[in-house]
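One structure is given below, encoded as structure tokens.
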Amino acid sequence: MTKDYAAYFIDLDGTMYKGKEQIPAAARFIRRLQAHRKKIVFVTNNSTRTPEFVAKNLTENHDINVTAANVYTTALATADYLDSIAGDKRRVYMIGESGLANALRRHNFVLTDCEPDYVVVGLDTAVTYHKFEQAVLAIRNGAKFIGTNADSNLPNERGMVPGAGSLVALVQYATQRSPLMIGKPEKTIMQMALQRFNLSKDEVIMVGDNYRTDITAGINVGMDTLLVYTGLSTKKEVSKQRIKPTYEVDSLDEWKME
């Protein structure tokens with residue numbers, strides 16, 4: 001007997017789709033959640049895309065009909081977190097793309113390389129040595145160091161390419177300062193999502209394919225978790241973990257709800 005959750009926090013790649021490949025059970029799962037009037041929030045470590053882009057991709061390419069209001073990215077979580085602590089210190093130097101820039105600007109942060117209060121490092125596929133130089137110098141001059149997420153690699157059609165965490169690690173090595181990390185598996189993104197959608201952790205289950213990010217994020221914030229074996233984690237790997245997911249399924253078709 002499963003608990004009757006009011007809301008589902010759901011990972012994207014490996015859970016809702018595999019790169020450009022559809023996971024038909026994922027689309028069926030979302031339709032069932034919608035029929036049961038559950039709140040759906042896609043919680044993603046990708047800081048490069050806007051919620052509008054993510055929702056459009058889900059709708060047009062994966063038969064999952066949702067809107068930007070259903071999407072919570074690590075860019076949004078970073079901006080929400082900074083907004084909660086910044087006060088009048090609103091100057092940010094950013095390594096990142098449009099998703100992160102838009103989220104920060106919506107919270108009235110000024111993006112600048114001149115005496116920033118914060119340096120935020122996310123994925124930036126056009127990053128240059130000069131950008132790293134600016135980030136390192138600003139942190140060494142006292143700016144607070146924020147990383148969007150620690151993902152070392154990202155899967156694409158060519159293989160496993162460097163992720164945001166690899167860029168964060170370069171800046172960390174050059175500054176000898178540890179960043180505050182926002183994305184999964186940290187609980188910060190989960191706490192920010194709960195606040196944004198006015199939910200308590202007891203009302204929500206975290207759904208994902210990766211024990212080390214999705215499931216650990218849920219565990220870290222004290223939330224129930226559902227691991228689906230359509231992506232990264234394997235049963236052998238998960239069997240060795242001290243804290244197991246609350247539920248495990250081979251396909252989201254297996255998930256029963258009230």
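Along the sequence shown, the residues carry numbers beginning at 1.
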How close do [X] and [Y] get, counting heavy atoms only, and between which atoms?
X: Leu167; Y: Gly122; result: CD2-O, 3.5 Å
X: Pro116; Y: Val119; result: CG-CG2, 4.5 Å
X: Ala79; Y: Ala103; result: CB-O, 3.4 Å

Just so I know, are the side chains of [X] and [Y] near enough to count as touching, which here means a heavy-atom distance under 4.5 Å?
X: Met206; Y: Pro245; value: no
X: Met16; Y: Leu252; value: yes
X: Ile10; Y: Leu33; value: yes
X: Asn46; Y: Asp13; value: no
X: Tyr118; Y: Ile85; value: yes
X: Phe29; Y: Val228; value: no
X: Ile23; Y: Lys18; value: yes

So does [Y] get a backbone contact from the side chain of [X], meaning a donor-acceptor N/O pair under 3.5 Å?
X: Ser166; Y: Ser152; result: yes
X: Lys3; Y: Asp202; result: yes
X: Lys38; Y: Tyr5; result: yes
X: Thr44; Y: Leu12; result: no
X: Ser47; Y: Ala75; result: no
X: Thr74; Y: Thr148; result: yes
X: Asn70; Y: Ile40; result: yes
X: Asp151; Y: Ala164; result: no
X: Arg37; Y: Gln34; result: no
X: Thr59; Y: Lys56; result: no

Do [X] and [Y] share a hydrophobic cluster (ILVMFWY, side-chain heavy atoms under 4.5 Å, transitive)?
X: Val54; Y: Val41; answer: no
X: Leu111; Y: Leu82; answer: yes
X: Val168; Y: Ile146; answer: no
X: Val204; Y: Ile189; answer: yes
X: Val92; Y: Phe145; answer: no

Working to the nearest 0.5 Å, report the span between [atom1] of [X] and [atom2] of [Y].
X: Asn149; Y: Glu186; atom1: CG; atom2: CD; result: 10.0 Å
X: Ile205; Y: Tyr247; atom1: CD1; atom2: OH; result: 5.5 Å
X: Ile215; Y: Thr225; atom1: CD1; atom2: OG1; result: 4.5 Å
X: Thr73; Y: Ile182; atom1: OG1; atom2: CD1; result: 11.5 Å
X: Asp11; Y: Asp214; atom1: CG; atom2: CG; result: 3.5 Å
X: Arg28; Y: Asp63; atom1: CZ; atom2: CG; result: 10.0 Å

Report yes or no: is the cationic atom of Lys235 (NZ for Lys, CZ for Arg) under 6.0 Å from the centre of the six-membered ring of Tyr229, at an angle within 45° of the ring normal?
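Judged by the rule, Lys235 and Tyr229 form a cation-pi pair.
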Polar side chain donor-acceptor pair, Asn57 to Asn61, under 3.5 angstrom:
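There is such a pair (donor and acceptor under 3.5 Å, judged by atom type) between the side chains of Asn57 and Asn61.
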Thr15 vs Asp209, test: side chain to side chain donor-acceptor pair (under 3.5 Å). Steps then yes/no.
CA-CA 5 Å; Thr15 305; Asp209 70 295; 3.1 Å; yes
Check each of Arg106, Gln195, His107 against Asp80 using the side-chain hydrogen bond (donor to acceptor under 3.5 Å, both in side chains) test, and report the only one that passes.
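One option only clears the test, and that one is His107.
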Got a sec: does the [atom1] of [X] have more than 12 other heavy atoms crowding it under 6.0 Å?
X: Lys131; atom1: NZ; result: yes
X: Lys89; atom1: NZ; result: no
X: Glu254; atom1: CD; result: yes

Would Val71 and Leu76 satisfy side chain to side chain contact (heavy atoms under 4.5 Å, CB included), going step by step from the backbone distance to the final call?
CA-CA 9 Å; Val71 179; Leu76 296 181; 5.9 Å; no
Side chain to side chain contact (heavy atoms under 4.5 Å, CB included) for Phe109 and Met94? Distances and angles first, verdict last.
CA-CA 11 Å; Phe109 286 100; Met94 181 197 88; over 6 Å; no
Option passing side-chain contact (heavy atoms from CB on, under 4.5 Å) with Phe9 (candidates Met190, Lys201, Lys39)
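Output: one option passes, namely Met190.
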Going by the angle between their ring planes, with limits at 30° and 60°, are Tyr17 and His62 parallel, tilted or perpendicular?
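Correct class here is parallel.
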Please report the C-alpha distance between Tyr211 and Thr216 in whole Å, then the side-chain angles of each, then the deciding distance to 0.1 Å, and finally whether the side chain to side chain contact (heavy atoms under 4.5 Å, CB included) criterion is met.
CA-CA 6 Å; Tyr211 181 90; Thr216 302; 3.8 Å; yes
Between Glu237 and Arg212, is there a salt bridge with N-O shorter than 4.0 Å?
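Salt bridge: yes.
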Quick one: do Gln191 and Val221 satisfy side chain to side chain contact (heavy atoms under 4.5 Å, CB included)? Show the steps, please.
CA-CA 7 Å; Gln191 292 168 328; Val221 80; 3.9 Å; yes
